[in-house]
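The chains referred to below are lettered A, B, ... by the order of the sequence lines, with proteins before strands, and numbering in each begins at 1. Fair warning: this is a prediction, and the values are worked out from it, not measured in the lab.
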Protein chains: 2
Amino acid sequence: MQVLSGKWKIHILGTLLQGGKMRFMDLLREIDGIAAKMLSKELQDLEMNQLVTRTVVDTKPITVEYEVTEYGKTMEPIIDEIANWGVFYRNRLHGKNE
Amino acid sequence: MQVLSGKWKIHILGTLLQGGKMRFMDLLREIDGIAAKMLSKELQDLEMNQLVTRTVVDTKPITVEYEVTEYGKTMEPIIDEIANWGVFYRNRLHGKNE
DNA sequence: GAAACTAGTTTCCAATTGGTAACTAATGCA
DNA sequence: TGCATTAGTTACCAATTGGAAACTAGTTTC
């Protein structure tokens, strides 16, 4: 479970699952509040655990594409469950308690 | 998601889901490596988030029973998914990689 | 009276986490 | 020449996390 530890990994995976192939700057802009350092570090962790791949593309200014691996996609049910539960949880906070 | 943050909450919930009503000492013994301080603190967090209930029982030395709430049980799919995935993950580490 | 069991709390400390800001380095554009 | 964009890295710092060990406090048993 430490595979998903930290404040951002689930968010990053969720974004990548939804967006497909994405560049570093895409992620930086898409994920609200994350700093470059964090994104970089978390992506390295995810890559080490083989949940995402990192591909350098030789464009004008080089870009780097990140993508969820097939293996990483086996996490989709978990991510989805968590997202669903999050909605459920927030509905509970304001509104019908008890 | 910070509702499940920390090293122990998923473990505690999993143990309680599996064991039903459990006392503090039961949990302390069942969950390998956890210290009383941590168990106490994590249980307080879980109680605050209404995932478990705490009931003092007036036995000879008073005991305290913890139980997962109905609401907490809505987490069961997540906990299960995570547990399943954990098994899958460990199989992958030693054995058939690639 | 002393030891043991219940459920914690307190103190103190080390390691980890996460954030800001500045910096690198290669390339393109005006 | 100088500024922007790409993808990071580095330095520094504050807050949080987690662990060990000792302690509290009530009750029961030897």
Side-chain angles (χ1 to χ4, degrees), chain A residues 1-16 19-69 72 82 86, chain B residues 1-16 19-69 72 82 86:
Chain A
M1 238 291 109
Q2 10 287 56
V3 173
L4 289 183
S5 66
K7 197 174 170 181
W8 299 107
K9 292 206 187 70
I10 290 178
H11 217 104
I12 294 171
L13 272 181
T15 307
L16 275 176
K21 222 170 264 183
M22 293 180 80
R23 290 173 304 141
F24 187 83
M25 276 295 149
D26 291 340
L27 288 166
L28 201 56
R29 279 187 274 259
E30 193 85 3
I31 301 173
D32 202 57
I34 198 168
K37 183 186 100 172
M38 277 298 116
L39 182 54
S40 171
K41 201 211 103 202
E42 300 286 70
L43 283 170
Q44 278 172 31
D45 288 355
L46 291 171
E47 203 196 343
M48 252 194 300
N49 286 312
Q50 295 165 44
L51 298 177
V52 305
T53 52
R54 178 180 181 277
T55 316
V56 178
V57 184
D58 200 4
T59 45
K60 327 73 191 271
I62 65 151
T63 51
V64 179
E65 283 176 350
Y66 291 91
E67 195 173 13
V68 181
T69 61
I82 288 170
Chain B
M1 239 289 110
Q2 10 285 57
V3 173
L4 289 184
S5 66
K7 197 173 171 182
W8 299 108
K9 292 206 187 68
I10 290 178
H11 217 103
I12 293 172
L13 272 182
T15 307
L16 275 175
K21 223 172 262 181
M22 292 181 79
R23 289 172 305 142
F24 188 83
M25 277 294 150
D26 291 341
L27 287 167
L28 200 57
R29 279 187 274 260
E30 193 86 3
I31 301 173
D32 204 56
I34 198 169
K37 185 188 101 172
M38 275 300 117
L39 182 54
S40 172
K41 201 211 102 203
E42 300 286 69
L43 283 170
Q44 279 172 31
D45 288 355
L46 291 172
E47 202 195 344
M48 253 193 300
N49 286 311
Q50 294 164 44
L51 298 176
V52 305
T53 53
R54 179 181 181 277
T55 317
V56 178
V57 184
D58 201 3
T59 44
K60 323 75 189 270
I62 65 147
T63 52
V64 179
E65 283 177 348
Y66 291 92
E67 196 173 12
V68 180
T69 61
I82 288 170

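Heavy-atom distances under 4.0 Å link DNA chain D to no residue of residues 4-12 of chain A. Residues of residues 25-32 of chain B that place a heavy atom closer than 4.0 Å to DNA chain D do not occur.
Under the side-chain contact (heavy atoms from CB on, under 4.5 Å) test applied with B:Tyr66, the options B:Arg54, B:Arg23, B:Met22 reduce to a single match, B:Arg54.
Between B:Phe24 and B:Leu43, the closest heavy-atom pair is CD1-CD1, 4.0 Å. B:Leu13 and B:Leu51 get closest at one heavy-atom pair: CD1-CD1, 4.3 Å. Annotation for A:Ile10 and B:Met1: closest pair CD1-SD, 3.9 Å, computed over non-hydrogen atoms. Considering every non-hydrogen atom in both A:Leu39 and A:Leu28, the closest pair reads CD2-N, 3.6 Å.
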Between B:Ile12 and B:Ile34, is the side-chain contact (heavy atoms from CB on, under 4.5 Å) condition met? List the steps. CA-CA 10 Å; B:Ile12 293 172; B:Ile34 198 169; 4.2 Å; yes
Take B:Glu30 and B:Leu27 through the test side-chain contact (heavy atoms from CB on, under 4.5 Å) and record every step on the way to the result. CA-CA 5 Å; B:Glu30 193 86 3; B:Leu27 287 167; 5.5 Å; no
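Separating the CG atom of B:Leu43 from the P atom of D:dG18 is a distance of 14 Å, rounded to the nearest angstrom. The NZ atom of B:Lys37 sits 12 Å away from the C1' atom of C:dA14 (whole-angstrom rounding). Atom CD of A:Gln2 and atom C1' of C:dT16 are 13 Å apart (whole Å). Following rounding to the nearest Å, B:Lys41 (NZ) and D:dG19 (C1') show an atom-to-atom distance of 12 Å.
We find the NZ-CD distance between B:Lys7 and A:Gln2 to be 8.0 Å, quoted to the nearest 0.5 Å. Considering CG of A:Leu4 and NE2 of A:His11, their distance stands at 14.0 Å, rounded to 0.5 Å. Put simply, NZ on A:Lys21 and OG1 on A:Thr53 are 8.0 Å apart, with the number rounded to the nearest 0.5 Å.
Of the candidate nucleotides D:dG19, D:dG8, D:dT10, D:dG19 has the atom lying nearest to any side-chain atom of B:Met38.
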Please list, for nucleotides 24-30 of chain D, all pairs of protein and nucleotide N/O atoms separated by less than 3.5 Å.
unit_1, atom_1, unit_2, atom_2, d
D:dT27, O3', B:Lys60, O, 3.3

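If you check every strand for non-hydrogen atoms under 4.0 Å, A:Glu65 touches nothing.
Checked by atom type and distance alone, the side chain of A:Lys9 pairs as donor or acceptor with a backbone atom of A:Ser5 at under 3.5 Å.
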